[in-house]
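Hydrogens, waters and symmetry mates are skipped; everything else that's a heavy atom, side chains included, is used. Indexing begins at 1, ligand by ligand and atom by atom, following the structure's order.
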Amino acid sequence: MRLYNQLTKKVEKFTPENPQNVKIYTCGPTVYSFAHIGNFTSYIYWDLLVRTLTQSGYKVNRVLNLTDVGHLTSDADDGEDKLEKGARREGKTVWEIAKMYSDAFLKDYRRLNLVEPTKICPATEYIKQQQELVDRLTANGYTYETADGIYFDTAKFEKYADFARLDLEQLKAGARVALSSEKRNISDFAVWKFIKEGEKHAMRWDYLGRPGYPGWHLECSAICHAELGEPLDIHTGGIDHIPVHHSNEIAQTFGAYGTKLANYWTHCNFITIEGEKVSKSLGNTYTLDELAVKGYEPLDFKMWVLQGHYQSERNFSFDDLDGAKTRRLAWRNRYALALQFGYADHHDLHEQILAATGDNLNSPLAFSIIDQTTDLSKNDWQLIDQCFGLGLTDVLEPSRELLEMIAERDAARTAKDFATSDKLRDEIQAHGYTVLDTPSGSRWQLAA
Ligand code: AMP
Ligand code: ZN
C-alpha cells in the first residue's frame, strides 16, 4: 500500500508499526449544526482508506472524536464557541445541541455505509486528560499565561512551521493589527481558555482554581494519547487542518510527551459546489436529507465522491450527481444480471481493485476497472461492496407474482400482442422493475 504523507510531502510505501493493530485517528465534526456534503466528503474517503486496509489484510483500530466544546468561530482563538452559538441560535442548552447534532451526524454516517470507528470519543468526556496534557506542557516549559488563557509557545517547538511549510514571517505581516493580543508569536494557540466573570459559557470546568474550557486543538492530542498511544499509524483530516489544527496537534504532543504523534498524515481536498466555496451564507450547504428530497440516495452521493481522487479539488454539481446516480444504478443492474445469468467469478478482480485503491486510494481507477470487466459474478459484486460500501448488492429480487407477469409479457411479445405486452410492461414498471430483452430471453432490471 502507498499513501501520501504530509510529513514528507510524498506518496510513500505504507508500513504500519503493527499490521494487526493499525492505529488511525480521524478529526471528527464540530457538533453544532447539521453536517453537509462537504464534511461528509472527508469521512467517505476515510471509509475508503479503512476498507482498503482491511481488504489488504490489516486490522484497523480507529478513533473518531466529536468536538462538543471549545471550537471557536475563529482559528485565531477569539470569537464565540460554536456550541454556545448553536445553543443561543436554537434556544437549547449546549448539551442538547451536542446530543442532537452528534445523533444526526451518526445517523448520516450510517446512511453512507461508513465503517464504524472502533471508538467514538466526545471531547467533553476527556476533560481530565486534556488538563493533564496542559499540566505536562507547562511542566515542560511550553506554555505561558495571558488574561484569557494558557497558550502554547510555538517558538519553543523548532519544527512548528515544517508540517504545513508555514511562512511565519509572512503570516505575521498579514495578520490584522486589530487582532494583536498578548500572544508572543502569531502562531501561538490557546490550550486552555479562562471564563471571565460574567462571561456566558455554559460548559465550564475548574482548572487551576478558576473556571475555563479546553482550546479546540487540545482534544485530539489528548484523545490520541488516551485511546491509541503514540505514534499513530495514520492521522486523517481535511486540508484545512494542515496549517493550524494539525500543526498544533503535532506541537502539543511533542511538547507533552516528547514523541511524534503520527507516522503518516493524510488529508483530503475540499469540494466546491456549483463552482462556489461551500458556505452557509450562500445557501449551498446541502445535507443528505436535502439531497434525498431532490431524489438522490446517500449512496449516490458516496458514488460521486469516490469517482474522484481524495487529493483533487472537485466541483460538485447536480449534473455530475445525476451521472453518479446513473452509474450506481447500472452497477446494481449488472448485479441483477449476475444473479440471473450465474456468471463465473473473476479471480483476479480483488487484486486489481486493491492495486488501484492501495496506490494512494485511487478509487477512480478501481471504478474504471469495474466498468471494463464484463460479466462480473454475484461474488465479484459482493467483493466490490466490501471494498466501497455502495449498497450494490442489496437488490430486492422480484416476487413470484412479478416474475409471472414478466413471463406473461414475454409470451404476449412473442405472440406479437403488443397492446398486452405494453400494458404488462407498465405494470411491471409500477412495481419498480423493467424488462431487458437479451438473446437468451428476458431478464428483470431495477427501474430508474
Ligand atoms: P467541522 O465540523 O466544521 O469541524 O468540519 C469538519 C471537516 O469537514 C472540516 O474540517 C473539513 O476537513 C471538512 N470539510 C468542510 N467543508 C468541506 C468541503 N467543502 N470539502 C471537503 N471537506 C470539507
Ligand atoms: Zn484533530
Peer 1: Can you say whether the rings of F316 and W304 are parallel (under 30°), tilted (30 to 60°) or perpendicular (over 60°)?
Peer 2: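 Plane angle over 60°, so perpendicular.
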Peer 1: Suppose we screen for side-chain hydrogen bond (donor to acceptor under 3.5 Å, both in side chains). Which residues come up paired with R327, at least two apart in sequence or across chains?
Peer 2: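 side-chain hydrogen bond (donor to acceptor under 3.5 Å, both in side chains) check on R327 returns Q307, D371.
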Peer 1: Among pairs that include at least one residue of residues 75-101, which meet ring pair (Phe, Tyr, Trp, His ring centres under 6.0 Å), considering only residues two or more places apart or in two chains?
Peer 2: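 Residue pairs with at least one partner in residues 75-101: F34-Y101.
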Peer 1: Quick one: does NZ or CZ of K325 land under 6.0 Å from the six-membered ring centre of Y296, within 45 degrees of the ring axis?
Peer 2: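 The answer is yes, since K325 meets both limits relative to Y296.
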Peer 1: Would you call the rings of W331 and W381 parallel, tilted or perpendicular, where under 30° means parallel and over 60° means perpendicular?
Peer 2: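 W331 vs W381 ring planes: tilted.
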Peer 1: For ligand 1, would you mind listing the residues that have at least one heavy atom less than 4.0 Å away, ordered by chain and number?
Peer 2: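 Answer by chain and number: P29, T30, H36, G38, N39, H71, G238, D240, H241, N269, F270, I271, V278.
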Peer 1: Anything protein N/O/S under 2.8 Å from the Zn ion (ligand 2)? Just list residue and atom, please.
Peer 2: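 Result, waters dropped: C27 SG, C220 SG, H245 NE2, E249 OE2.
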Peer 1: Looking at F318 versus Y286, is the centre-to-centre ring distance below 6.0 Å?
Peer 2: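 Close enough - the centres of the two rings lie under 6.0 Å apart.
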Peer 1: Assess whether side-chain contact (heavy atoms from CB on, under 4.5 Å) is satisfied between I370 and R334, documenting all intermediate values.
Peer 2: CA-CA 11 Å; I370 295 167; R334 288 180 62 191; 4.2 Å; yes
Peer 1: Measuring centre to centre across the rings, with the benzene-like ring taken for any Trp, is F254 within less than 6.0 Å of F157?
Peer 2: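 Yes.
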Peer 1: Please name the residue in the list V115, I234, T357 that meets the side chain to side chain contact (heavy atoms under 4.5 Å, CB included) test with L49.
Peer 2: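 Going through V115, I234, T357 one by one, the side chain to side chain contact (heavy atoms under 4.5 Å, CB included) with L49 is satisfied by I234 alone.
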